[in-house]
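Notes follow once the structure below has been shown.
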Amino acid sequence: MRLLWRSFRGLANSRNRRLVATTSTRWSNRNEEEREQRQDYQWSYPNSRLEQLLYATYWAGGLALAYHWLDPKKTDLLAKEKDDPEEVARLWHVTVRNDLPTYKPAQVESHNSAESRIWVSYGLGVYDVTDFAENHPGGDKIMMAAGSAIDPFWAIYQQHNTQEVLELLEGFRVGNLEGGLAESNVETELGSPWAQEPQRHALLKPASKRPFNAEPPIGMLAENFLTPNELFYVRNHLPVPVIKEEEYELEIETGAAKPPLTLNLAGIRALPKHSVTAAIMCGGNRRSEMTKFKAVKGLSWGAGAVGNAKWSGARLCDVLAQQGVQPDESRHVIFEGADLDPTSHPYGASIPLAKAMDPRGDVLLAYEMNDEPLSRDHGYPIRVIVPGTVGARNVKWLTRIVVADVESDSHWQQNDYKGFSPSTDWDTVDFSKSDAIQAMPVTSAICTPQPGSRVKVDEDGDGRHITVRGYAWSGGGRKIVRVDLTNDEGQSWHVAELEQEDKPDGRHYGWSLWTARLPVTDAQRQHGDLEIWAKAVDSAYNVQPEKFEYIWNLRGVLANAYHKVKVKLV
């Protein structure tokens with residue numbers, strides 16, 4: 001498959017070289033060095049099943065551009081942005097190519113097979129992707145859009161909207177679509193999958209808008225042991241589904257002696273109610289720090305893709321036991337949500353059955369968050385809470401549970417949320433050789449002061465000091481036993497005071513907040529610039545690694561090196 005992908009790269013680069021020679025003068029003034037850089041794109045195709053959906057979208061240049069750019073009024077930005085190649089690339093599909101013919105929608109529709117050539121439209125552009133389809137592993141998925149607009153598909157996936165993939169798309173362009181913007185208006189005519197997204201708090205900082213992913217200001221995280229619901233980070237992979245309470249059903253298939261079980265919301269609420277305080281952390285939390293060492297693929301999360309809440313609902317172990325499920329170390333529990341991709345495949349993930357069946361594992365079919373009903377962004381009406389595990393396994397909008405002999409075959413279980421050696425790159429990666437992330441490693445972050453801030457030095461009977469606050473957490477129920485801080489590059493360390501729940505060992509699923517008073521020397525006060533380091537230690541005496549270069553991985557997950565913040569003393 002990798003050889004096939006490489007052969008496609010050659011084909012695509014050939015088409016792009018032809019584009020350079022034939023495109024209008026609007027883009028022809030790029031220098032030779034820029035052109036050569038375009039011919040050396042770094043593409044990747046995971047060794048995946050993925051149902052080959054996500055990466056089938058690469059055939060036409062990646063993932064959708066927000067409809068904001070489909071406004072014809074935006075095309076005049078080409079002149080303004082001509083010195084920014086990436087901005088120019090984002091406008092190509094909404095710009096008429098005077099060097100190419102114009103086709104009616106009916107003409108595009110007639111090109112819907114390999115025999116008649118496979119054409120698709122996107123915005124104002126018409127693209128012949130026949131050669132790509134023949135060389136692409138997801139060619140069967142490409143045919144879903146043959147002869148029609150790809151806008152509805154691309155509206156789902158926008159996080160890979162880069163100059164490289166948009167240039168690739170333009171390399172397949174054969175014409176302009178007559179009335180293209182009106183015909184392709186996915187927002188109004190075809191029904192946007194984003195049309196019924198929930199309202200979000202204005203303080204949430206988006207890492208992407210579609211799908212919506214956002215984190216709160218890091219300075220607010222350490223203010224509350226339980227993160228306010230409206231400020232809890234949001235991680236969505238697909239559009240937020242609309243679910244009516246009276247229509248909700250959860251299907252549970254165990255393969256045991258009893259037939260499959262279907263529960264409505266009232267039935268789940270009628271089960272004994274349990275609560276657990278648990279932190280949920282995205283596998284890509286702090287990815288932006290890892291990227292500073294070396295680029296990775298993924299959303300640029302800061303340290304705020306984590307939150308701590310009291311979750312309430314029915315215990316999964318009780319439901320499975322009633323269905324006759326017996327503990328088995330070799331089996332798995334698969335979760336599926338109501339959020340669907342364009343081929344109606346749901347988001348999915350799985351955990352070991354041993355975790356699900358353990359009463360001390362506290363896996364919940366949760367319907368409350370901090371004593372309030374779940375919001376839509378956080379999984380209304382039911383989500384599974386798997387304390388101590390990466391956020392990706394805490395499936396929202398839960399509609400199906402299956403006890404199986406194998407893990408979930410979803411993309412997010414098989415070809416994402418896995419860690420690799422720093423030496424593994426996209427040419428050598430084999431996702432089948434790495435285990436899916438379950439329990440997260442120990443980590444901590446400084447919430448205040450924030451990077452670049454001016455910090456007042458306090459003076460009292462104990463001398464000069466500054467106050468530092470943050471959070472710490474470790475997966476698998478491991479307790480945080482210590483948070484160490486230094487402001488002299490490790491010559492001296494100071495232990496923070498912890499705020500945490502008093503829980504039995506092995507069930508510390510909530511985070512720990514911490515506060516430290518760091519002494520400031522005369523020399524530091526005079527110099528003015530200060531760098532603070534933080535590292536946490538858990539009950540298994542796991543400790544954060546010092547540098548990101550030691551743990552770098554191509555997906556930017558498990559980013560738990562020392563957290564470092566530079567400030568100015570005043």
Side-chain angles (χ1 to χ4, degrees), residues 159 204-208 213-222 227 233-235 279-308 390-392 416-426 437 440-453 455 468-475 480 483-487 489-490 496 511-514 516 518 529-538 542-568:
Q159 59 267 41
L204 289 176
K205 178 184 177 183
S208 72
N213 293 282
E215 60 188 300
I218 185 66
M220 302 181 69
L221 269 187
T227 308
Y233 87 100
V234 177
R235 177 61 171 115
I280 305 295
M281 178 180 288
C282 178
N285 189 47
R286 300 182 59 202
R287 179 182 282 128
S288 60
E289 298 170 60
M290 184 177 285
T291 301
K292 292 177 182 178
F293 167 67
K294 184 179 177 182
V296 302
K297 291 185 182 294
L299 296 174
S300 185
W301 290 111
V306 59
N308 194 52
V390 64
D416 202 352
Y417 297 107
K418 293 184 175 184
F420 296 93
S421 162
S423 298
T424 300
D425 59 29
W426 287 103
I437 299 170
M440 289 285 282
V442 62
T443 193
S444 66
I446 298 167
C447 296
T448 58
Q450 298 176 55
S453 61
V455 180
V468 185
R469 295 184 176 89
Y471 69 80
W473 184 66
S474 189
I480 296 296
V483 175
D484 299 329
L485 293 104
T486 180
N487 57 3
E489 297 185 343
W511 67 9
S512 299
L513 298 183
W514 52 263
L518 298 184
D529 294 332
L530 191 70
E531 185 172 63
I532 308 165
W533 298 359
K535 64 179 175 71
V537 183
D538 70 18
N542 298 308
V543 64
Q544 293 173 246
E546 180 180 351
K547 298 181 179 180
F548 277 104
E549 46 261 55
Y550 303 153
I551 58 171
W552 183 91
N553 60 88
L554 75 179
R555 280 293 285 115
V557 293
L558 309 170
N560 71 325
Y562 290 5
H563 195 217
K564 301 179 180 181
V565 169
K566 293 181 179 180
V567 300
K568 291 185 177 294

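All values reported here derive from a predicted model rather than from experimental measurement.
Applying the salt bridge (charged side-chain N to carboxylate O under 4.0 Å, His left out) test to every pair with at least one member in residues 544-558, sequence neighbours left out, gives these pairs: Asp416-Arg555.
Ser300 pairs by the side chain to side chain contact (heavy atoms under 4.5 Å, CB included) definition with Ser288, not counting sequence neighbours. By the side-chain hydrogen bond (donor to acceptor under 3.5 Å, both in side chains) test, Asn285 is found to be paired with Tyr471, residues two or more places apart in sequence or in another chain being considered. Under the rule for a side chain to side chain contact (heavy atoms under 4.5 Å, CB included), the partners of Ala279 that lie at least two apart in sequence or sit in another chain are Asn308, Trp473, Trp511. Judged as a side chain to side chain contact (heavy atoms under 4.5 Å, CB included), and not counting sequence neighbours, the contacts of Thr424 are Phe420, Ser421, Thr428, Val429. Taking the side-chain hydrogen bond (donor to acceptor under 3.5 Å, both in side chains) definition, one finds that Trp533 meets it with Glu531, sequence neighbours left out. The side-chain hydrogen bond (donor to acceptor under 3.5 Å, both in side chains) check on Lys568 picks up Asp529, with sequence neighbours excluded. Not a single ring pair (Phe, Tyr, Trp, His ring centres under 6.0 Å) links Phe548 to another residue, sequence neighbours left out. Partners of Thr443 under the side-chain hydrogen bond (donor to acceptor under 3.5 Å, both in side chains) rule, at least two apart in sequence or in another chain, are Arg286. Residues satisfying the side chain to side chain contact (heavy atoms under 4.5 Å, CB included) criterion with Pro217, sequence neighbours excluded, are Leu203, Met220.
When all heavy atoms are compared, the tightest approach of Pro449 to Ile446 is O-CG2, 3.6 Å. The nearest pair of heavy atoms linking Gly304 to Tyr233 is O-CB, 3.5 Å. Considering all non-hydrogen atoms of both residues, Cys447 and Leu221 come closest at SG-CB, 3.9 Å. Scanning all heavy atoms of the two residues, the minimum distance from Ala207 to Leu299 falls at O-CD2, 4.0 Å. Closest approach of Ile480 to Ala536, counting heavy atoms only: CD1-CB, 4.3 Å.
Of the residues Arg235, Lys205, Glu289, the one that meets the side-chain contact (heavy atoms from CB on, under 4.5 Å) test with Trp301 is Arg235. A side chain to side chain donor-acceptor pair (under 3.5 Å) with Ser444 holds for exactly one of Gln544, Lys535, His563; it is Gln544. Of the residues listed (Val455, Val468, Thr486, Leu530), the one engaging Leu518 in a side-chain contact (heavy atoms from CB on, under 4.5 Å) is Val468, and it is the only one. Checking Asn542, Asn560, Ile551, Asp538 one by one against Pro441, the side-chain contact (heavy atoms from CB on, under 4.5 Å) holds for a single residue, Asn560.
Note: Asn553 CG to Leu558 CG = 6.0 Å, rounded to the nearest 0.5 Å. Remark: Ile280 CD1 to Met440 CE distance equals 10.5 Å, nearest 0.5 Å. Between Ile532 atom CD1 and Thr448 atom OG1 the span is 9.0 Å, to the nearest 0.5 Å.
Judged by distance alone, the side chain of Arg469 and the main-chain N or O of Leu513 form no donor-acceptor pair under 3.5 Å.
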